[in-house]
Structures are given as C-alpha cells and as structure tokens.
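Inspection log for the structure reproduced underneath, given as structure tokens.
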Protein chains: 2
Amino acid sequence: MYSTCMSGTDTARRLVEATQELLWERGYVGTSPRAIQQRAGAGQGSMYHHFGGKPDLARAAVRRSAAQVREAADAVLAREGSARERVRAYLEREREVLRGCRVGGLAQDPDVVADPELRAPLAETFTWLRGRLADVLEEGRAGGEFGPGLDTAGTAAAIVAVVQGGYVLARSAGEPGPFHEAADGLLALLDAHAARATPAS
Amino acid sequence: MYSTCMSGTDTARRLVEATQELLWERGYVGTSPRAIQQRAGAGQGSMYHHFGGKPDLARAAVRRSAAQVREAADAVLAREGSARERVRAYLEREREVLRGCRVGGLAQDPDVVADPELRAPLAETFTWLRGRLADVLEEGRAGGEFGPGLDTAGTAAAIVAVVQGGYVLARSAGEPGPFHEAADGLLALLDAHAARATPAS
DNA sequence: GTCTATACCTAGATAGAC
DNA sequence: GTCTATCTAGGTATAGAC
C-alpha cells in the first residue's frame, strides 16, 4: 500500500518528479510549465504529449507526494516502542523544517483548494494521519500508558496541527527553533497525561 | 501601540487595503499589480506614483495586516477571566477558518520569506503572540490555576502552532471541522494540567 | 515521442502627456 | 496625481514537422 511506483515512460516520471519539487518549493501558482520542462530536461512537446497541461501534471505530482508523506509517517509510527515514544519520534524526526510540508504547504494555494482533484490528496493524507496517530494513542491508553480520559482523536488532530503550524512559525522566523519549541511543548502536555496514569510512587 | 492608522492619501489607503485582501486570498506570487489596481479603483499611474512597485506595496500591506492581527489577538487575551478561559477564547474565537491566517499564510510563499522586509512582520507577529500567550499562562500558573510544572513558553508555542496548523487541516479538508478538533484536543491536554493543580477531592 | 514555430494573454514596469 | 501608451519577459497552450 501507499505505493509510489509510477507507470509510464522515463520522461513522464522525470516530469512528475520535477513538478513535485517545484510544487514544494514554489507552490502551484508559482510553478510554470516552462520551469517544469527545464528541470525535467524535457521539451514542450514531451510534456504536452504525456500530460494534458499544468493541472493534469500537478494532480499526478500531488498524488505521489501525498503517498510519499504517508509512507514516511507510517514508517515512523509503525516502529517498536511505547506510544509516547512513537509520537515523540514522529514530532522530532529529521525534517527539513524550513522547507515546510510537501502536502500541507499546498493548502495555502487557492487554485489547489478550489480543484477537488488537487485538494483530495491533501484531505486524504491528513485524515489518514490523524487516524493513524489516534490508533497509536489508543494503543497507549489501552496499555495504561495514558490516563483513561485522554481524548485520542483530539490529541491526534492537535499533533498534526502542531507539526503543520510549526512549519509556519519556523518559516516566519527564518529558523527551525519555533517548530521544535511547539513540538516539545505539546509533548510536555501529553506527558502530564502519562504522569497522571502512572503517578510517581 | 499596534496602530493601524495610515498616512497618505485616500488612493494610497485603498491601494494598501486592496493589496491586503489580495495577499490574503491569493498570496504574494498570485497577486498582480493589475488586480490590485482594479480592486482599489486606481490606475497604473496612481499606483506607481504612490508606491515603488509590487514589493513596496506588499511591504506596507503586510505590516498593516500584521498589526491588525496583533490587535485582534490582544483584544481577546486582555479580557477578564481565568488564563484557561482566555486561552480558550483565543482558540475558539470567531475565525473565518477556511480563509486561513492573513499573516501566517504568507509564510508559505518563497518570495515572502526570501525578502527580509516582507518576512519581518511575520516573525514579529508570532514572537509577540507566543510571548503574550506565555504571559497569560504564567499568570494562571502563579494563581494556582495550573501545576507548577507547566512549560509556559512551550505551551504558548504549541497553541500558536495548533491555530496555524488548524488552518492547514481545515483548508485541506474543505471544512472547518479539523481546526476545531485540533483546538479542542489541545485545550483538553491543557486541562489535564489544570486538573493536576486542583485534583478532585 | 519529441522538436520547433507560433499564438495570445498577463506580469511588471517605464515614459511622458495632461 | 492621474492618465494612456509602450515595452520586455514569461505563462500556457496548440499545430504540425520529424
């Protein structure tokens, strides 16, 4: 599942990968067919042969980036360890913080949210991620790691939001510090729940 | 302080306001001088008479939007009530969730973060906001509302990040629900700290 | 499949008349 | 102060040759 394999020729693959990079760096409005062609080393004819145009190419690129983001998150959340440790690993895993999220960043673009086919991978990614984190938290609660009162769905939503908002704070500040401060702050709040579940003897 | 008054003529004011609206709706790359002029009801000549060009106009608009965001947040955080209640009011105040944040949304734009004069108002706004929220939390801690172990700075960063990330989740989903789920989830985590400070007898 | 030529529109700005 | 030309570059796409 979450396959990132691609059908089609090598040129088509390079076009999609170039589009993924440019969407990440410049967003949808900031990405031109010309720039895509140059980065992919392909001509106009190739691009319009394989894809119907910029929106078509963007849809393929966004779907692939979304699948990759889900794969990367799942790789961390499926590891061994306590729920708290897996959440911590997710919050603090190596991230190119100042680049932001390949998927979440696109939500700022009005042309993306206006196109159902472009927005769908974003919605699916965050719905899946919130569910995946809620499952991890539920495992922890069932194992006595957290108090029974932990709102797993709400906490999961807060975790995802802190990551996405952390990118905003870091990019605004021009340095990654605020991302980590927000993540650490959230973890500390979660630990208060863990402390309640297993009070110091 | 945080004055949003503007110097200059009526035309200059309309140009700045039109730019503020367009930056909010379409971002920096998505906002053209032509669109600004049309929305402001001004001609080319007027715009280039009052401002040096698109970057100059954008700097004025971003500074003003940042000041307005700080004013609005301060109005909520300076109200009467407990710290917990003021944080809740900040998280749940009326927001046009699907429009996102006038200031934070610009952090996604590479041309904004690359220009120190454009990025500075973003950095100042979030630095101020985190400090203001940390002060509110500190008041609550001093008053016994939270346990002494509350990390006020980290929690403040998490609150701001949840709001900014909540916008991302809501815009991705196409509906405001995820914003409020994340905000409620964070509040519930904070309440665990309040419960520890004043355990049920 | 890939190339080049062509087309039309917009971005962003300057010059000079009024 | 505001207007109307005018300009160069790029965005986005189609047509048709190879």
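Just so we're on the same page: letters track the sequence lines, and every chain starts at 1.
Note: CD (A:Q44) to P (C:dA5) measures 12 Å, nearest angstrom. Atom-to-atom, OH of B:Y28 to C1' of C:dA11 comes out at 12 Å; the value is rounded to the nearest Å. The distance between atom CZ of B:F51 and atom P of C:dA13, rounded to the nearest whole Å, is 14 Å. Rounded to whole angstrom, the span from the CG atom of B:L57 across to the P atom of C:dG12 amounts to 12 Å.
Counting heavy atoms from C-beta outward, A:V168 and A:Q164 have side chains that stay 4.5 Å or more apart. Side-chain atoms of A:W24 and A:C101, non-hydrogen and from C-beta on, never get closer than 4.5 Å to each other.
Checked against A:Q20 for a side-chain hydrogen bond (donor to acceptor under 3.5 Å, both in side chains), the options A:R102, A:Q68, A:R63 give a single hit: A:Q68.
Within residues 30-40 of chain A, no residue is approached by DNA chain C to less than 4.0 Å at the level of any non-hydrogen atom.
For A:R70 and A:T125, the side-chain atoms include at least one donor-acceptor pair closer than 3.5 Å.
Remark: A:A89 pairs with A:V76, A:R79 by the side chain to side chain contact (heavy atoms under 4.5 Å, CB included) rule, at least two apart or across chains.
A salt bridge is defined here as a Lys NZ or Arg NE, NH1 or NH2 lying under 4.0 Å from an Asp or Glu carboxylate O, and A:E17 with A:R14 fails to meet this definition. Using a 4.0 Å cut-off between charged nitrogen and carboxylate oxygen, A:R39 and A:E25 count as a salt-bridge pair. With respect to B:D111 and A:R26, a salt bridge is recorded, a charged nitrogen being found less than 4.0 Å from a carboxylate O.
Extent of DNA chain D lying under 4.0 Å from chain B heavy atoms, first and last nucleotide in 5' to 3' order, is D:dG1 to D:dA5.
Comparing B:G43 and A:G53 along DNA chain D, the residue whose closest nucleotide (by nearest heavy atom) sits nearer the 5' end is B:G43.
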